[in-house]
Amino acid sequence: MSGPAAGTADAATNTDVVCLGESMVTFLPSQPGRLADVPSFGRGIGGAESNVACALAAAGHRAAWVGRVGADGFGDHLVETIASYGVDISAVRRDPVRPTGIYFRTATDRGTDTHEVAYYRAGSAASAMSPDNVPYEDLLAGRVLHLSGITAALSADCLALLRDLTAPRPGRPLVSFDVNHRPHLWRGGDADASVLLELARRADLVFVGEDEAEEAWGIVGAEAIRAALPEPAVVVVKRGSAGATVFSGLRPGPRSSNAGGADPDFDPDTVTLVPALRVDVVAAVGAGDAFAAGFLSATLRGLPVRERVRHGHLMAAAVLTVPGDLTDPPARDHADRLVALDDDAWGRLRLGPGWTAADRAPEEVRTP
């Protein structure tokens with residue numbers, strides 16, 4: 001069973017994946033500790049959707065990022081850095097009034113109580129994105145349109161944009177949606193839960209973590225998550241160190257005219273469980289975006305669901321073994337060799353810093 005295929009690329013643009021969302025300049029701490037105690041920060045970039053675009057471009061796909069940044073130096077840095085990965089940034093718009101968003105974070109894992117993030121994104125250029133000022137011809141030109149719930153939280157206009165892009169329409173590309181529940185971004189109340197569920201149910205491919213589904217919707221367990229999301233052709237439930245469970249099949253519900261490119265002979269609800277890898281983690285940031293990029297990369301190649309998940313795990317492992325949100329993925333032939341391992345060999349793998357650069361046989365990738 002191969003899973004849903006991506007739609008047909010536009011002949012003029014020949015784009016594989018278009019990613020829409022806010023990217024920000026991120027300041028990474030020079031040492032562990034409270035933000036109040038960190039003496040200096042290094043500059044990087046961060047943004048769920050641009051992270052996916054950069055990883056896909058680095059993996060050899062034709063990826064585009066559509067966003068809005070300020071007409072300032074931080075905007076220059078973002079656009080230039082994202083373009084350096086090979087991403088098409090021709091549809092990025094510059095806002096003459098609103099600034100580029102920035103944020104500072106501590107070195108600790110996002111899931112710990114000591115993790116701090118200080119966002120300066122209210123009123124940012126990206127928050128002004130709306131159905132009236134984004135280039136739809138670019139957004140709909142690729143085989144896949146990748147979105148996330150973060151954008152919906154930025155403003156009412158951004159939410160209107162995501163609702164419009166996930167609505168059924170003739171020739172709609174395959175819509176990929178990462179729930180990315182960020183409670184601190186929402187403006188209070190329970191609106192975030194219902195909005196994210198609404199958008200996810202309108203997508204063709206959904207990425208959601210077990211933890212965020214419980215936090216946002218009070219839903220526990222992969223089967224219950226699938227029951228809450230009956231429409232998407234594929235639902236990828238990320239289960240942390242336990243791996244991922246994928247529900248795949250044609251489902252009832254609203255669908256675009258080409259059914260998101262889904263395979264017509266797809267059996268309902270094939271369930272695929274794929275264990276995670278053991279990884280020597282350097283920084284637990286950006287892994288979810290990298291997983292989505294790996295899964296989408298394998299989807300574009302038409303690989304079976306099990307291999308798509310394994311490529312997602314490998315992309316995530318590449319990011320987990322570096323300090324920042326982005327890194328070069330393993331070479332495709334290297335990743336393909338690892339993905340082809342039998343279950344026992346896959347379970348014995350342990351990946352540490354520098355593993356992506358190793359041009360070695362699969363059994364040599366393990367660290368002590």
Side-chain angles (χ1 to χ4, degrees), residues 13-30 40-105 117-129 133-135 137-139 141-142 144-148 150-151 154 158 180 283 285-290 292-293 296-297 315 318-319 322-329 331 356-357:
T13 62
N14 216 21
T15 303
D16 291 325
V17 181
V18 178
C19 303
L20 167 78
E22 179 172 34
S23 190
M24 296 178 292
V25 172
T26 175
F27 289 92
L28 310 175
S30 58
S40 61
F41 296 81
R43 186 180 65 175
I45 69 167
E49 302 84 2
S50 59
N51 286 349
V52 172
C54 289
L56 284 167
H61 297 284
R62 298 176 296 269
W65 173 62
V66 178
R68 194 173 180 88
V69 300
D72 49 33
F74 287 146
D76 293 341
H77 175 66
L78 275 175
V79 172
E80 291 166 6
T81 303
I82 293 170
S84 72
Y85 281 84
V87 176
D88 180 355
I89 45 82
S90 61
V92 175
R93 298 294 184 260
R94 308 299 292 264
D95 192 310
V97 177
R98 299 173 183 84
T100 303
I102 64 173
Y103 74 98
F104 297 77
R105 67 169 173 82
V117 180
Y119 286 104
Y120 299 90
R121 71 196 306 178
S124 69
S127 70
M129 291 188 296
N133 63 15
V134 296
E137 65 277 11
D138 295 296
L139 286 171
V144 176
L145 173 61
H146 181 70
L147 309 168
S148 96
I150 294 174
T151 305
L154 299 181
C158 284
N180 261 330
V285 292
D289 305 328
L296 287 171
S297 172
M315 280 269 206
V319 169
V322 298
D325 290 30
L326 291 168
T327 189
D328 289 333
T356 59

Practice problem: Provide the closest heavy-atom pair for Ser23 versus Thr100 in the form atom of the first, atom of the second, distance. | Solution: O-CG2, 4.5 Å
Quiz item: Heavy-atom distance under 4.5 Å between the side chains of Thr151 and Met129, does that happen here?
Solution: yes
Quiz prompt | Over all atoms of both residues, closest heavy-atom pair of Pro99 and Asp72 | solution = CA-OD2, 3.6 Å
Practice problem: Find out whether Val69 and Val79 are in side-chain contact, i.e. whether some heavy atom of one side chain is under 4.5 Å from a heavy atom of the other. | Solution: yes
Exercise. State, yes or no, whether a side-chain contact exists between His146 and Val52 at a heavy-atom distance under 4.5 Å.
Key: yes
Practice problem: Give the C-alpha distance, both sets of side-chain angles, the deciding distance and a yes or no for side chain to side chain contact (heavy atoms under 4.5 Å, CB included) between Asp289 and Val319. | Solution: CA-CA 9 Å; Asp289 305 328; Val319 169; over 6 Å; no
Quiz item: Taking atom OH of Tyr119 and atom OG1 of Thr26, what is their separation to the nearest 0.5 Å?
Solution: 8.5 Å
Practice problem: In sequence, state the C-alpha distance, the side-chain angles, and the governing distance for Val144 and Leu296, and then conclude on side chain to side chain contact (heavy atoms under 4.5 Å, CB included). | Solution: CA-CA 9 Å; Val144 176; Leu296 287 171; 4.2 Å; yes
Quiz item: Is there side-chain contact between Arg62 and Asn14, with heavy atoms separated by less than 4.5 Å?
Solution: yes
Practice problem: Give the minimum heavy-atom separation between Ala59 and Met315, together with the two atoms involved. | Solution: CB-CE, 3.7 Å
Exercise. Go through Met24 and Ile102 one step at a time and tell me if the side chain to side chain contact (heavy atoms under 4.5 Å, CB included) criterion holds.
Key: CA-CA 5 Å; Met24 296 178 292; Ile102 64 173; 5.6 Å; no
Exercise. Test side chain to side chain contact (heavy atoms under 4.5 Å, CB included) on Phe41 and Leu28 and set out the steps.
Key: CA-CA 5 Å; Phe41 296 81; Leu28 310 175; 5.9 Å; no
Quiz item: Does the side chain of Val134 come within less than 4.5 Å of Leu139's, by heavy atoms?
Solution: yes
Self-check item: Side chain Ser148, main chain Ile150, donor-acceptor under 3.5 Å
Solution: yes
Exercise. Would you check if Val66 and Pro135 make a side-chain contact, meaning some heavy-atom pair closer than 4.5 Å?
Key: yes
Self-check item: Asn133 side chain vs Ala128 backbone, donor-acceptor pair below 3.5 Å
Solution: yes
Quiz item: With no hydrogens and no angle check, is any side-chain donor or acceptor of Arg43 less than 3.5 Å from a backbone partner on Phe27?
Solution: no
Quiz item: Where do Trp65 and Glu49 come nearest, in terms of heavy atoms and distance?
Solution: CD1-C, 4.5 Å
Practice problem: To the nearest 0.5 angstrom, please state how far the CD1 atom of Ile82 sits from the CG atom of Asn51. | Solution: 8.5 Å
Exercise. Determine the minimum heavy-atom distance between Arg93 and Ala91, stating which atoms define it.
Key: NH1-O, 3.2 Å
Quiz prompt | Tyr103 ring center within less than 6.0 Å of Tyr120 ring center | solution = no
Quiz item: Counting only N and O atoms by type, is there a donor-acceptor contact under 3.5 Å from the side chain of Thr81 to the main-chain atoms of Leu78?
Solution: no
Practice problem: Classify the side-chain pair Glu22/Ser127 by whether it contains a donor and acceptor separated by less than 3.5 Å. | Solution: no
Practice problem: For Leu326 and Cys54, work out which heavy atoms get closest and say how close. | Solution: CD2-CB, 3.8 Å
